[in-house]
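Only this structure's heavy atoms are used, side chains among them; waters, hydrogens and symmetry mates stay out.
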Amino acid sequence: QVQVVESGGGLVQAGGSLRLSCAASRGAFYRYAMGWFRQAPGKEREFVAVISWGSSTYYADSVKGRFTISRDNAKNTMYLQMNSLKPEDTAVYYCATGRGIVPRIETDYDYWGQGTQVTVSS
């Protein structure tokens, strides 16, 4: 069955780091772009970062210079390295796979994970 599963969330103090992982079945990974979105309480889900099947990346301005997205196509796995975390980064982080090179809108993504909680204390 096609599935996308995030992991690696947790509690961290401001300035700390976390590494999120996203494992996908081949049907949700092969030739797809892979992106990260996040949703904080009371807010809409927002784009964070995306990496293409090849090598192109794109980041939201709010995380540029702090987060790094990568993928291992042989392992059907994608990662988000989050450094210099801020309290405003607190959210449920969702992994998704989608169409296009570096898609930024939710409607371009076909498969979504269940989310993993990231909480940054001040």
K.L.:
Cut-off 3.5 Å, no hydrogens considered: what does the side-chain donor-acceptor table look like for residues 115-122, sequence neighbours left out?
P.N.:
unit_1 : atom_1 : unit_2 : atom_2 : d
Thr116 : OG1    : Gly9   : N      : 3.2
Gln117 : NE2    : Ala91  : O      : 3.4
Gln117 : NE2    : Thr119 : OG1    : 3.3

K.L.:
Is it the case that the side chain of Tyr93 and the backbone of Val48 share a donor-acceptor pair, with hydrogens and angles ignored and the cut-off at 3.5 Å?
P.N.:
no

K.L.:
Output yes when a side-chain donor or acceptor of Arg45 lies under 3.5 Å from a complementary backbone atom of Arg38, and no otherwise.
P.N.:
no

K.L.:
Please check this pair: side chain of Thr90 against backbone of Glu88, looking for a donor-acceptor N/O pair closer than 3.5 Å.
P.N.:
no

K.L.:
How close do Lys64 and Asp61 get, heavy atom to heavy atom, and via which atoms?
P.N.:
NZ-OD1, 3.2 Å

K.L.:
Let's go through Arg71 and Tyr79 carefully: what are the C-alpha distance in whole Å and the side-chain angles of both, what is the deciding distance for side-chain hydrogen bond (donor to acceptor under 3.5 Å, both in side chains) to 0.1 Å, and is it a yes or a no?
P.N.:
CA-CA 6 Å; Arg71 68 191 294 167; Tyr79 308 95; over 6 Å; no

K.L.:
Determine whether Ile69 and Trp36 make a side-chain contact, defined as any pair of heavy atoms from C-beta on separated by less than 4.5 Å.
P.N.:
yes

K.L.:
Are the side chain of Gln114 and the backbone N or O of Glu6 linked by a donor-acceptor pair below 3.5 Å?
P.N.:
yes

K.L.:
Do side-chain atoms of Arg99 reach the backbone of Thr107 as a donor and acceptor pair under 3.5 angstrom?
P.N.:
yes

K.L.:
Is Asn73 reaching over with its side chain to a backbone N or O of Trp53, donor-acceptor style, under 3.5 angstrom?
P.N.:
yes

K.L.:
Identify every side-chain donor-acceptor pair in residues 10-29 under 3.5 Å, counting partners at least two apart or on other chains, and give the distances.
P.N.:
unit_1 : atom_1 : unit_2 : atom_2 : d
Ser17  : OG     : Asn83  : OD1    : 2.9
Ser25  : OG     : Gln3   : N      : 2.9

K.L.:
Please tell me if the side chains of Trp112 and Phe37 come closer than 4.5 Å, counting only heavy atoms from C-beta onward.
P.N.:
yes

